[in-house]
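This report concerns only the one structure given below.
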Number of protein chains: 2
Amino acid sequence: MVNMRDVAHRAGVSIATVSFVLNGTKPVTAATRARVEQSMADLGYRRNVVARALASRRTHIIAMAYPALEHRFGMSTAEFFTSAAEAARKEDYHLVLWPVGNDGVELRELLGQGLVDGVVLMEVQLDDPRVGILRQTGTPFAMIGRTSELEGLSHVDIDFDATVEEAVKHLHGLGHRRLVLVSGDLDDPRFHAYGPWVRTEDAYRRVTAEYGLETVVLPCSDTTRAGQDVTERLIREYPEATAILVLNEYAALGVVSALNRMGRAVPDEFSVLPLLMVPETAALTDPELTMMRTPGPELGQLGTEALIRQLEGADPLPPQMVPAKLHPGGTTAAPRA
Amino acid sequence: MVNMRDVAHRAGVSIATVSFVLNGTKPVTAATRARVEQSMADLGYRRNVVARALASRRTHIIAMAYPALEHRFGMSTAEFFTSAAEAARKEDYHLVLWPVGNDGVELRELLGQGLVDGVVLMEVQLDDPRVGILRQTGTPFAMIGRTSELEGLSHVDIDFDATVEEAVKHLHGLGHRRLVLVSGDLDDPRFHAYGPWVRTEDAYRRVTAEYGLETVVLPCSDTTRAGQDVTERLIREYPEATAILVLNEYAALGVVSALNRMGRAVPDEFSVLPLLMVPETAALTDPELTMMRTPGPELGQLGTEALIRQLEGADPLPPQMVPAKLHPGGTTAAPRA
DNA sequence: CTGAAAGCGCTTACAG
DNA sequence: CTGAAAGCGCTTACAG
């Protein structure tokens, strides 16, 4: 490979000068700059990022740490990954994928290697051991999600309050007065402190109270089967319901398929509105789901940008709360008279 | 951070010796080894991978290059990513995500940086410009998928022949004699040289001929809607069919929902068998799909291992063709008498 | 504005 | 079996 010495030699300057024009770190006269640039072009020079990393103590690599085992891997995770990778590349960073346990042991191990400048943390728990380790080691990081205490922590997250508000407003506006939330299963030990579920439930209780509606919440794991089962229970226990909000993606599919199977017309008898969904999944039901679209691509990008700003010492990105937005579909309508 | 000099100093040896015990590259007496290891433990030493990379000319980083724009991003892609990242970590490698265009321009740019030891190529086209660039630059690589000519190229892929064989055998064994393949849409310019579609069709023509069956193939894009539309056409044009094989994931969902909607009982009137599917998706229909399960996790892992073997100079992993395997479900049965 | 030189933290011939 | 030293390809004070 051609290196800086080759470039410097051909341009008749020192390697320091090549470095200065490459990085714009010191003023260089137009003439020498031109010579150096010509020389780089002639030789097809590309700077070695490993050497730069060692010398500058900045690798321009960031890690996305995700809990490999604890969480199911859905479409939104894929959206996080790809949008984060693209955002990183745009800013001249690389993104590595770190599957790490929630206890933080592996994370500490990996940080010690000195490979990355910072970390984007996915699937943050309300009280997350990984945060402590990142702080101890002085590693810059940004969270997609939120711990309970946030003092000074860089983060982006779904705006669950606004999401639930818009969802309830939509259904209320259509005339629905008897809603049910099919939520997550907080009794599952892996999820008892899972922010999205806790926050959605909290928001739902608040919003229904504000609207003067009864608050009915049914726990449900995020599988099609569980969604089907909870629908049977719902129809048995709350036959007067006319609209169902569903927190989780696959559970929502189960709800619709169970209603179809039981001959309960959607949306004539029941409106169904998922709160966190991607279009690919929404298109799978018949009729297609009206949904609150998960802002996965935005969050992956914003989380990465928040981290890179820290690394570059730019103005910090203030915490960003992005609501899921209502996407029209065929599963919500006015309730039957 | 504590470095090798600190460790060497505390153990009363040279940094070379520390390096030898760390890497096992030279014999060291048990006594010195013990002293060095104790010293590392005492100081909590962790080797700096950037310095190692520069000195050894091996970064222990591999890239997964995927076409950001050209391909839809489904569950199997997410499976590739995570299984590849986990396989890499197990072998003490890091995996970076490179969203690159199919023309290879960005790929060449990134390779020039010297960050990675090798590349795993996803969504390989039959004639892929990226392969030429990897060869030119002398970059080790492994493909998930196959180009048309494969001489000496390290690759893993779905075994489309075996997959189609098992699928047809399953249906034939149940008594079906009138099959239809709902394939991909090779007229779509983005996919006219898309290996999985081309190879599946070829295999299907071969296998049906072997069984002495009529070969009926309907093109169909990979969306629920397209699957629904093609089903209407199928029923109009091939009313005598009793079993439908569906190449693509979302199209298969459309096929089942259209049959349900038209009152055609599944599996009593029609058996439906998707050829590339993940369990999460198969669970969405009613009844649950019998499927050929895409070997995404295996391929992500094998592709990564194939690359790492090359890098370590171990015996090369021979090309691995992994068939999708039959998973029982509720959508195949004997045809009506 | 430009250059000589030290240094980033390792690996690896080479010598003993 | 162990060590002194060169070198990986850059960045960055420091001096001029």
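Proteins get letters first, then strands, A, B, ... in listed order; numbering begins at 1 in each. It should be emphasised that the depicted structure is a prediction, and the values quoted were computed from it without experimental measurement.
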May I ask you to say what B:R5 touches in the nucleic acid, namely base, sugar-phosphate or nothing, with a heavy-atom cut-off under 4.0 Å? nothing
Starting from C1' on C:dG9, measure out to CZ on B:R46 and report it in whole angstrom. 16 Å
Side chain of B:N23, heavy atoms from C-beta onward: which of C:dT11, D:dT2, C:dT2 has the nearest atom to it? C:dT11
Quick check on C:dA4: is either OP1 or OP2 less than 4.0 Å from any side-chain nitrogen or oxygen of A:S14? no
Which part of the nucleic acid does B:T29 contact within heavy-atom distance under 4.0 Å: base, sugar-phosphate only, or nothing? sugar-phosphate
Taking only the side-chain nitrogens and oxygens of A:T25, find out if one of them lies under 4.0 Å from OP1 or OP2 of D:dT11. no
Checking C:dA4, C:dT11, D:dA4 against the side chain of A:A16 (C-beta onward), the nearest is C:dA4
Kindly give the heavy-atom pair with the smallest separation between A:M321 and A:V156, and that separation in Å. CE-C, 4.4 Å
Any base atoms under 4.0 Å from A:S56, or only sugar-phosphate, or nothing? Heavy atoms, all strands. sugar-phosphate
Of the non-hydrogen atoms in B:V2 and B:G44, which two are nearest, and what is the gap between them? CG1-O, 4.1 Å
Rounded off to whole Å, could you give me the CZ-to-P distance for the A:R35 and C:dC1 pair? 15 Å
D:dA13: pairing nucleotide in any strand, Watson-Crick or G-U under 3.5 angstrom: none
Closest listed nucleotide, where the reference is the side chain of A:M4 and the choices are C:dT11, C:dT2, D:dC10: D:dC10
Give none if D:dA4 has no partner; otherwise give the nucleotide forming a Watson-Crick or G-U wobble pair with it, both distances under 3.5 Å. none
Between A:L150 and A:M143, the two heavy atoms sitting closest are CD2-CE, 3.7 Å
Phosphate-side-chain proximity, B:Y45 and C:dC10, N/O vs OP1/OP2 below 4.0 Å: yes
Which listed nucleotide (C:dT11, C:dT12, D:dT12) is nearest to the side chain of B:A55? C:dT11
Specify the residue among B:A53 and B:K26 whose closest nucleotide of DNA chain C lies further upstream toward the 5′ end. B:A53
B:I15 CD1 - D:dA6 P separation (whole Å): 13 Å
Presence of B:S19 side-chain N/O under 4.0 Å of C:dT12 phosphate oxygens OP1/OP2: no
Walk me through it: do A:R47 and A:N23 pass the test side chain to side chain donor-acceptor pair (under 3.5 Å)? CA-CA 10 Å; A:R47 91 133 84 47; A:N23 298 307; 2.5 Å; yes
Check this one for me: any side-chain N or O of B:N3 less than 4.0 Å away from OP1 or OP2 of C:dC8? no
CZ of B:R57 versus P of D:dC10: gap in Å, rounded? 13 Å
Contact summary for B:D128 and B:E123, nearest pair of heavy atoms: OD2-O, 4.2 Å
For B:V28 and B:T32, work out which heavy atoms get closest and say how close. CG1-OG1, 3.3 Å
Interatomic distance, A:N48 CG vs D:dC10 P [rounded to whole Å]: 5 Å
Atom CZ of B:R52 and atom C1' of D:dG9 are separated, to the nearest Å, by 18 Å
Please work out if A:V13 contacts a base, only the sugar-phosphate, or nothing of the nucleic acid, heavy-atom cut-off 4.0 Å. sugar-phosphate
Nearest-Å distance, CZ (A:R33) to C1' (C:dC1)? 11 Å
Closest to the 5' end of DNA chain D, once A:L22 and B:A51 are matched to their nearest nucleotides, is B:A51
d(CZ, A:F20; C1', D:dT11) in whole Å: 8 Å
Short side-chain N/O contact from A:R47 to OP1 or OP2 of D:dT11, under 4.0 Å: yes
